[in-house]
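Take a look at the structure below.
The chain is numbered in sequence order, starting from 1. The figures that follow rest on heavy atoms only: side chains count, while hydrogens, waters and symmetry mates do not. Fair warning: this is a prediction, and the values are worked out from it, not measured in the lab.
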Amino acid sequence: MGGVTAHADDTGTTTAVATKRVLLAAPRGYCAGVDRAVVAVEKALDLYGAPVYVRKEIVHNKYVVETLTNRGAIFVDETDEVPEGETVIFSAHGVSPVVHAEAAARQLKTIDATCPLVTKVHHEAKRFAATDYDILLIGHEGHEEVVGTSGEAPEHTTIVDGPDDVPNVTVRDPEKVVWLSQTTLSVDETMETVRRLREKFPLLQDPPSDDICYATQNRQVAVKKMAPEVDLMLVVGSRNSSNSVRLVEVALEYGAKTGHLVDYAAEIDESWLDGVESVGLSSGASVPEILVRDVLRWLAERGYADVHEVTTAEESLTFALPRDLRADLKAAGRPTTGTSDHAWTL
């Protein structure tokens, strides 16, 4: 599936020689919500000094978490691990009202770095629950975002973990039921889940707008376009990153011969390149560009130096930092905007 170059040998005979190439997805990597969350931790460390506590991983990326840990961030599983009166940052995936109450009871200073697109789904859940709808939340059981969203209205919410889970779903009133979704799912799988739900509940209502975030959709669209043209798809991302895992699945579904998820270039197995002419490369929405550049260098050293960027969308969305952090930065005369140190483009 690679390119072909004409080559003349010493006898003057021209033969076609396959060339190794890389198709590089655009957009890829950091989305606006991830950049906002990571910047929030970086600026909090600069402003308040270490340690700053973060509930759960600020974003699902091993490199980012390790780097912020080295700068003085302390990642905890629950708020009761944070000393009373300290600062705690809530991750981009969002938290339930119970977590906010726990933090208030411990007199913690909270900085809510929940992605605004996740917050939108929280508002939808509260609104439909207030009108006594049953909410069918499509998402992965136990994922932090799903735990946070379902916590807004636990008595009204049923989690639907993919199309095969639909037969297990029951509701109180099939005329008052709506579906919402985790923001980082496969678009195709989610729509298949909705289709099956609608077969079971014909009056199922849709959310006011797409719950799957723009960045998740854009990255999947780029991979779909590239997949038929590549022998191997590499996605940079951590295994607990839902949107990164989905990119590998989408690549395989749309024609890539093989696909792998890696955190670092060093995790690539050279045997994966056997017989491979064309490599596709993308990265999840919580992945800094520096890690993608490391993979490109690794591939170039093995003959894959011909890189073609496949652009399917342009992204310019940005989100303001959390309100309380902005207020403290402003009071201290510090900039209230900025890009993460980890969004380097070498």
Side-chain angles (χ1 to χ4, degrees), residues 30-123 125-126 142-152 154 182-184 238 240-242 285-286 288 319-332 334-338 340-342:
Y30 268 15
C31 63
V34 164
D35 191 58
R36 173 183 186 262
V38 176
V39 170
V41 179
E42 292 171 342
K43 287 189 176 290
L45 285 166
D46 291 341
L47 182 62
Y48 309 128
V52 167
Y53 293 84
V54 184
R55 185 183 181 277
K56 307 294 186 182
E57 294 186 356
I58 186 66
V59 297
H60 286 157
N61 183 263
K62 184 185 297 185
Y63 171 87
V64 171
V65 170
E66 289 176 352
T67 303
L68 291 174
T69 297
N70 291 337
R71 288 187 57 173
I74 297 177
F75 293 88
V76 300
D77 285 328
E78 300 298 342
T79 50
D80 62 11
E81 299 174 56
V82 182
E84 290 196 10
E86 291 287 346
T87 297
V88 63
I89 300 176
F90 295 142
S91 78
H93 309 103
V95 299
S96 69
V98 170
V99 174
H100 284 283
E102 291 171 350
R106 295 183 62 78
Q107 299 181 320
L108 302 179
K109 176 182 177 64
T110 60
I111 296 172
D112 190 353
T114 302
C115 173
L117 299 180
V118 174
T119 299
K120 176 185 77 73
V121 183
H122 281 228
H123 290 325
K126 288 187 285 188
H143 188 280
E144 289 157 37
E145 182 185 329
V146 171
V147 172
T149 301
S150 61
E152 293 287 358
Q182 182 180 332
T183 63
T184 55
S238 295
N240 63 339
S241 167
S242 176
S286 51
F319 294 128
L321 288 171
R323 183 184 298 110
D324 290 346
L325 179 58
R326 288 203 315 271
D328 288 351
L329 288 166
K330 185 176 181 179
R334 305 281 187 90
T336 58
T337 59
S340 168
D341 296 341
H342 305 298

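- Shown here for Ala320 and Arg326, the closest heavy-atom pair between the two residues is CB-NH1, 3.5 Å.
- If you take CD1 on Ile89 and CG on Leu68, they are separated by 9.0 Å, rounding to the nearest 0.5 Å.
- Note that the OH atom of Tyr53 and the OG1 atom of Thr79 stand 13.0 Å from one another [nearest 0.5 Å].
- In plain terms, the two heavy atoms of Asp35 and Gly338 that are nearest each other are OD2-O, 4.1 Å.
- Closest heavy-atom contact between Val64 and Pro288: CG2-CD, 3.9 Å.
- Here the straight-line distance linking atom CD of Glu144 with atom OG of Ser96 works out to 12.0 Å at 0.5 Å rounding.
- Side-chain contact check for Ser238 versus Tyr63: every heavy-atom pair is 4.5 Å or farther apart.
- Taking the side chain as every heavy atom from C-beta outward, His143 and Ser242 approach each other to under 4.5 Å.
- Looking at Arg36 and Pro116, their side chains come closer than 4.5 Å, going by heavy atoms from C-beta outward.
- The closest side-chain heavy-atom distance from Phe90 to Pro322 is not below 4.5 Å.
- Between Ala73 and Val54, the shortest heavy-atom contact is CB-CG2, 4.4 Å.
- Between Arg55 and Asp112 there is no salt bridge, since no side-chain N of the basic residue sits under 4.0 Å from a carboxylate O of the acidic one.
- Side-chain contact check for Leu117 versus Phe319: some heavy-atom pair is nearer than 4.5 Å.
- Ion pairing between a basic and an acidic side chain is recognised when a charged N comes within 4.0 Å of a carboxylate O; Lys62 and Glu57 show no such pairing.
- Counting heavy atoms from C-beta outward, Leu325 and Tyr48 have side chains that approach closer than 4.5 Å.
- Only one option out of Thr336, Thr337, Asp46, Asp324 pairs with Leu329 in a side-chain contact (heavy atoms from CB on, under 4.5 Å); it is Thr336.
- Note that CD of Gln107 and CD of Glu84 are 6.0 Å apart. Values are rounded to the nearest 0.5 Å.
- Taking every heavy atom of both residues into account, Ala40 and Leu321 meet most closely at N-CD2, 4.0 Å.
- Residue His93 holds its NE2 atom at 8.5 Å from CD1 of Ile58, rounded to the nearest 0.5 Å.
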Open item on the list: Walk me through whether Ile74 and Val52 qualify under side chain to side chain contact (heavy atoms under 4.5 Å, CB included).
Closed with: CA-CA 6 Å; Ile74 297 177; Val52 167; over 6 Å; no

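- At least one side-chain heavy atom of Lys56 sits under 4.5 Å from a side-chain heavy atom of Asp77.
- In this structure, Thr87 OG1 and Leu47 CG are separated by 9.0 Å, a value rounded to the nearest 0.5 Å.
- Two residues are said to be in side-chain contact when any heavy atoms from C-beta on lie closer than 4.5 Å; Glu42 and Arg71 meet this criterion.
- Under 3.5 Å, the side chains of Gln182 and Thr149 contain no donor-acceptor pair of N or O atoms.
- Among all heavy-atom pairs drawn from Asp328 and Lys109, the shortest one is OD2-NZ, 2.7 Å.
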